[in-house]
Amino acid sequence: MGPVLLECRMLDPRSQRASPMVPAPSSAYVDVILPRRLHRPFTYLIPPELKDRVVVGRSVVVPFGSQDLHGLVIAVYPQLPPGAPQEGLKAIRSLSAASADHLLTADQIGLSQWVAERYAAPWGQCIKLVLPPVGRGGPPQPRYVLTAQGLARHSSVDPLGETETEVLARLRRRPKGIMATTLLKGDKARLTLALHTLVKQGLVGRCDEPVAPRTLRSTMPPGDTSAVALPMEPEEAADGVEPTPPKAMLWPTVLEQARTKQTLSPLLLQGTHRTRQWCLMQAAQATIRLEKQVLILTGDVEQASRLAGFLAARGERPMLLHSGLSMKARAAVWQAAQEGSVKILIGTRMAVFAPLSRLGLVWVDGEDDASLKEEQVPRYHAREVAHHRASREGAVLVLASNHPSLESLSAVQEGRLTACVYRAPEQLPRVNVIDMKHSPRDVGGGMVLSPPLIEGLRGALRQNALSILYLNRKGFASVLHCGDCGAMPQCDACSVALTFFRRSNHVRCHYCGRTRPVPEHCPRCQSLKLEPVGSGTERVEEAVRRQFPQARVGRVDGETIRRPADARALHRLLTAGDIDILIGTQMIFRLGFHGRALFVALPDADAGLHVPDFRSAERMYHALLDAAALARPAAVGGQLLIQTRLAEHHAIMALASGDEEVFVQQEQAFRQMLQYPPWTCLVRLDVSGTKEAVVSHAAERWAAVLRARAAGRERTVAVLGPSPASHVLRRGRYCWQILIKSSSPEVGKEIAMRTREELERESRRGGLRYDIDVDPVSMA
DNA sequence: AGCACGCCGACT
DNA sequence: GTCGGCGTGCTC
């Protein structure tokens with residue numbers, strides 16, 4: 001009984017007064033977390049027949065309202081816990097079949113609880129993160145089966161409706177039942193109704209247990225190739241090889257110091273793709289030698305596969321875990337992790353919750369990648385969860401990137417991270433900035449191809465070498481900019497691009513919500529040519545084709561690359577040298593074709609700044625560095641050309657001078673001045689619903705309640721907004737947002753949670769929902 | 001979240 | 001007159 005009591009003291013806030021000295025006669029009550037949007041556990045009785053089998057971490061089936069749900073036991077008590085209702089308690093129905101053979105560990109439960117608290121998410125939703133990926137996306141599919149009565153009934157005694165008869169016939173053909181989703185496909189309303197009457201008549205029953213209890217042992221041995229990445233690309237051609245920077249030779253020593261805790265903080269590794277791969281290899285092998293496990297996180301599936309291929313080519317047996325895998329494959333990997341047969345696990349953000357019990361190394365590759373942040377409700381950031389796990393489980397944490405986030409760079413300055421900069425300037429191409437301020441524009445308002453750009457393409461063509469044109473367009477928000485100098489009207493208070501509303505002819509800051517009439521002239525050059533940023537970039541391909549009709553032009557973007565197979569096909573073309581000029585968006589980086597192009601150009605480098613987000617400059621700087629990484633080193637003729645109207649922007653200056661500090665210092669000063677992260681913490685509140693007026697009203701109300709609550713604490717909390725998140729509704733819902741700036745994440749989060757409770761109690765009409773996003777990473 | 005119960009408009 | 005829409009409250 002001791003361990004049970006100990007665990008419930010650790011896990012449940014309500015049990016603090018439980019004394020471990022009192023000998024527990026027998027455990028009779030449990031607290032259960034349910035997979036619903038509920039913030040607290042529910043108490044149940046343990047039926048005598050399950051007395052010894054219900055322990056902390058066990059998944060159980062419990063009655064909840066009118067239905068049965070799978071829930072997780074988080075505490076066991078000998079007596080009625082305080083706060084639970086005195087009477088009317090129901091008993092646990094049964095153990096969950098799906099999890100009959102394993103328990104969640106205290107670590108896993110603790111991790112889910114930490115996520116719930118850190119990101120202000122209901123614990124029930126966070127439990128799903130640490131559960132095996134079988135039942136994700138809802139409880140084990142409920143199925144409908146014919147009851148004995150229904151089976152016996154051949155012809156209708158009572159007249160049954162047409163639909164009812166039809167449903168009965170379908171069920172008769174399927175003795176094991178039909179999943180609710182399958183059964184209800186088609187005319188859902190009518191079928192639901194028919195089903196309802198059949199259930200009421202006792203002809204059909206509902207069953208929540210899975211058909212076949214998952215036993216995936218024999219079918220999928222760990223290390224099965226279907227779960228392992230195959231090296232998709234041959235090793236980089238010789239012309240793309242960069243030397244490993246000499247400084248990186250210190251890496252093994254640094255690692256060893258980190259492992260033995262001589263270095264007290266986690267590591268921030270800065271270097272190119274290739275350098276990071278080398279360092280990762282060292283770190284992974286060292287970890288495996290110590291019989292520990294390696295967890296590698298990436299921002300996207302392609303990078304995960306690429307790293308897996310790289311490690312596999314060197315004799316390791318990495319396993320992959322990401323959303324591209326089938327549920328079955330994911331479950332197999334999860335189980336292999338649990339059994340301890342996995343030495344290296346590589347995956348996207350979800351993998352950070354994998355049940356690795358001997359974690360020795362957590363490696364976050366591309367730590368600045370925004371995709372590490374989950375945009376759905378447990379809105380966790382995998383980098384942060386990784387940090388938490390590593391420190392709790394005594395693993396070495398390495399954050400790696402070619403261009404670390406400003407958050408991490410600031411953490412280095414504060415001593416919370418130890419920087420390892422393994423950069424070699426000779427890896428970079430020659431950079432050429434073309435100031436387009438006074439160049440004419442094409443008819444569509446887009447950037448024109450400047451003579452140096454055309455010359456660069458021509459030169460590469462002559463040498464039969466690859467050129468890449470990178471279209472750094474990201475934002476979809478309508479933003480104004482000056483047709484002459486490229487400057488954007490910004491919010492005076494928030495310094496983000498103002499969003500333009502054509503209909504009402506006004507501009508609005510979507511951080512603080514302030515509205516103004518459209519400015520008449522450019523704030524910088526007084527030109528009258530303020531216009532919405534166009535889609536002129538689409539013209540680039542056309543212009544290139546017109547200029548070089550004989551060139552073989554390839555395109556990469558969301559439309560041309562739909563499936564992984566498309567990417568592979570294009571990769572083959574590139575490898576074979578069948579493409580002269582490649583034009584594309586961010587997608588280009590997913591091809592993993594780094595250091596290969598002779599000539600790389602950004603026809604409209606400023607496009608990335610036209611996003612109303614305080615991180616837009618940082619994103620642009622990263623995009624520039626990424627573009628540079630596509631090109632060969634200067635020594636072998638690599639060239640990067642940037643067309644810009646903002647040649648004196650610190651991101652461009654930093655790239656042109658090759659001095660990162662130019663960017664970092666100015667950006668930090670900017671963030672500090674305007675009180676943005678990493679100097680403050682942001683919490684974004686989302687109000688959404690189906691009726692616009694109701695949503696905006698609720699948002700106003702929430703902001704007012706927040707301001708009242710923050711009164712007198714102006715130095716630590718500021719409330720901005722509300723403002724419409726975007727004029728296009730998201731999934732048929734209107735969204736408004738509020739921003740809270742606070743001196744610590746706790747302050748902002750606390751005030752948000754308190755007031756949300758209040759608002760939720762107050763009004764739910766119009767399908768209103770109140771969401772909290774702690775440390776939002778995208779503000780669109 | 002889901003579900004049931006309850007109160008108001010357009011249909012046989 | 002009912003059917004069925006959604007708003008509201010509750011779930012151990």
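As the structure is a prediction and not an experimental result, all values here were calculated from the model. When reading the values below, keep in mind they use all heavy atoms of this one structure, side chains included, and skip hydrogens, waters and symmetry mates. Note on naming: letters A, B, ... go to the chains in the order of the sequence lines (proteins, then strands), and numbering restarts at 1 for each one.
Between E375(A) and R349(A) no salt bridge is recorded (no basic side-chain N to carboxylate O distance below 4.0 Å). Salt bridge R709(A)/E758(A): present, at least one basic N to carboxylate O contact under 4.0 Å.
Between the CG atom of L72(A) and the C1' atom of dC12(C) there is a distance of 16 Å, rounded to whole Å. Taking atom CZ of R36(A) as the reference point, atom C1' of dT11(C) lies 10 Å away to the nearest angstrom. In this structure, the CD1 atom of I92(A) is 11 Å from the C1' atom of dC12(C), given to the nearest Å. Distance I46(A) CD1 to dC12(C) P: 17 Å, rounded to the nearest Å. Remark: P of dG2(B) and NE2 of H70(A) are 14 Å apart, rounded to the nearest angstrom. Taking atom CG of L768(A) as the reference point, atom P of dG7(C) lies 10 Å away to the nearest angstrom. Between the CZ atom of R769(A) and the P atom of dG7(C) there is a distance of 16 Å, given to the nearest Å. To the nearest angstrom, P of dA1(B) lies 14 Å from CZ of F42(A).
Within 4.0 Å of L38(A), counting heavy atoms only, lies at least one base atom of the nucleic acid. Residue contacts for F64(A): at a heavy-atom cut-off of 4.0 Å it reaches a base atom on one of the strands shown. When heavy atoms are screened at a 4.0 angstrom cut-off, P122(A) is found touching no nucleic acid atom at all.
Applying the 4.0 Å criterion to OP1 and OP2 of dG2(B), one finds that Q67(A) has every side-chain N and O outside that range.
Remark: the backbone N or O of T105(A) is paired with a side-chain donor or acceptor of Q108(A) at under 3.5 angstrom.
Note: Y380(A) and F353(A) meet the aromatic proximity criterion, with ring centroids under 6.0 Å apart.
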